[in-house]
Amino acid sequence: MSTLAHTMMTAARSADSGLAGPGELDRYPYAEAPMADRVAAPAWEGADSDLGRVGRRAAGSRGRGLHGQLVQQLGQMIVSGDLGADRPLVPEEIGQRFEVSRTVVRESLRVLEAKGLVSARPNVGTRVRPVSDWNLLDPDIIEWRAFGPQRDDQRRELNELRWTIEPLAARLAAGHGREDVQQRLVDLVEIMSHALAQGDALTFSRADAEFHALLIQVAGNRMLDHLSGIVTSALQVSGGPATGCERPTEASVAQHARIVDGLGSGDGAVAEGAMRQLLTVHPEVERVVPAPREH
């Protein structure tokens, strides 16, 4: 069995079992409590507008099927260092190794080239590019690094980046009141609270990801808006606590509620302060960012 075939079978088993492997995070089923214990909560798909889709953008640009699986496999191998710049990537060899057509290989390499992972030049061939050329803000690369040997660096860098942009986004969002957005954020806090009570970490993390992505998108800064996918990826990658919001706790729900209160009252300072408190949870975060200043 080829490596690609093994990867695809493993992914299928992960989806069936409710466990996700790299690249399969958006296939997670929602965990459900036994019928007798289930308590009514705001429906995840309850929003009819684009709000219901915020935070659930595809984790990356790759497609599904053979093409998507090959992008995933080669991308992980490059990021982990299994494929280096010491020799060119020969399409014919890749096609034989993974038992896919030349067209699939060619399109997959084009995707990886767009991400800055490889470059194709006449008389040189396709080679892996240095890390300095990678698009480190690409959601796929974020995920691959989170599952590879660079996972600790990826976690730290994501924490630093989030601590830089999200408090600002919370402050800005307080000046852009929209009733539909405000209600959606309230619903998401309720979903997180319900998920915490039910021990449903999966639903909690999904609602959490949508909350943070939506908050950035309503901040009114289009450049920040482009970073919302990074925050979503940061919240969805696994392999250890990547953020302070990843572990469902009552304190986390309370800080999310404080953010919503700040937005509702137009108090940017409250929203910003609550976000800083929310992101400053784990010791590894406190080593790289200052603690919130008491006023």
Side-chain angles (χ1 to χ4, degrees), residues 42-57 59 137 139 142 158-196 203-236 242-246 248-281 285 289-295:
W44 179 266
E45 301 295 347
D48 295 328
S49 67
D50 290 340
L51 294 179
R53 293 189 293 272
V54 173
R56 293 198 302 283
R57 296 173 177 175
L137 300 183
I142 290 175
L158 285 172
N159 278 324
E160 293 171 350
L161 183 61
R162 291 192 62 203
W163 209 90
T164 300
I165 66 175
E166 290 198 73
L168 172 61
R171 174 180 284 273
L172 294 176
H176 294 79
R178 280 175 46 189
E179 290 186 4
D180 56 343
V181 173
Q182 184 73 16
Q183 185 57 54
R184 184 58 181 167
L185 291 172
V186 170
D187 289 345
L188 290 170
V189 173
E190 292 183 16
I191 291 171
M192 284 186 274
S193 180
H194 172 76
L196 175 63
T203 298
F204 185 99
S205 66
R206 290 243 174 137
D208 188 27
E210 180 176 345
F211 182 100
H212 288 267
L214 177 58
L215 188 65
I216 291 175
Q217 291 178 46
V218 299
N221 185 308
R222 284 177 291 184
M223 296 186 72
L224 281 179
D225 187 17
H226 280 280
L227 299 177
S228 63
I230 300 171
V231 172
T232 300
S233 297
L235 286 161
Q236 289 179 342
T243 67
C245 310
E246 191 171 83
T249 64
E250 292 183 3
S252 175
V253 174
Q255 293 297 348
H256 282 88
R258 281 192 62 211
I259 293 171
V260 173
D261 289 342
L263 299 181
S265 63
D267 193 331
V270 169
E272 179 182 7
M275 181 64 78
R276 291 188 188 279
Q277 290 284 354
L278 181 62
L279 296 179
T280 307
V281 175
V285 182
V289 298
R293 182 178 301 175
E294 296 293 338
H295 295 286

*Measuring from Thr203:OG1 to Leu196:CG, what's the distance to the nearest 0.5 Å?*
12.0 Å

*asked:* Tell me the closest heavy-atom pair linking Phe211 and Ile259, and the distance in Å.
replied: CZ-CG2, 4.1 Å

*Partner set under salt bridge (Lys or Arg N to Asp or Glu O under 4.0 Å) for Arg171, not counting sequence neighbours*: Glu272

_With sequence neighbours excluded, residues passing side chain to side chain donor-acceptor pair (under 3.5 Å) with Gln183_ = Asp187

*Any sub-3.5 Å donor-acceptor pair from Gln182's side-chain atoms to Val260's backbone N or O?*
yes

*When rounded to the nearest 0.5 angstrom, what distance separates CG in Leu278 from NE2 in His256?*
4.5 Å

*Would you find a donor on one side and an acceptor on the other, under 3.5 Å apart, between the side chain of Ser193 and the backbone of Val189?*
no

_Looking at every heavy atom in both Thr249 and Phe204, which two are closest together, and how far apart are they?_
N-CZ, 4.4 Å

_Just verifying a value: how many Å separate Leu185 CG and Leu214 CG, rounded to the nearest 0.5 Å?_
4.5 Å

*Any side-chain heavy atom of Asp208 sitting closer than 4.5 Å to one from His212?*
yes

*Could you walk me through whether Ile191 and Glu210 pass the side chain to side chain contact (heavy atoms under 4.5 Å, CB included) check?*
CA-CA 11 Å; Ile191 291 171; Glu210 180 176 345; over 6 Å; no

*Contact list for residues 249-264, test salt bridge (Lys or Arg N to Asp or Glu O under 4.0 Å), sequence neighbours left out*: none

*Going by heavy atoms in the side chains, are Leu137 and Leu161 under 4.5 Å from each other?*
yes

*Can you tell if the side chain of Val181 reaches within under 4.5 Å of the side chain of Leu263, non-hydrogen atoms only?*
no

*Name all residues meeting the side chain to side chain contact (heavy atoms under 4.5 Å, CB included) criterion together with Asp267; count only those two or more places apart in sequence or in a different chain, and write none if there are none.*
Ser265, Ala269, Val270

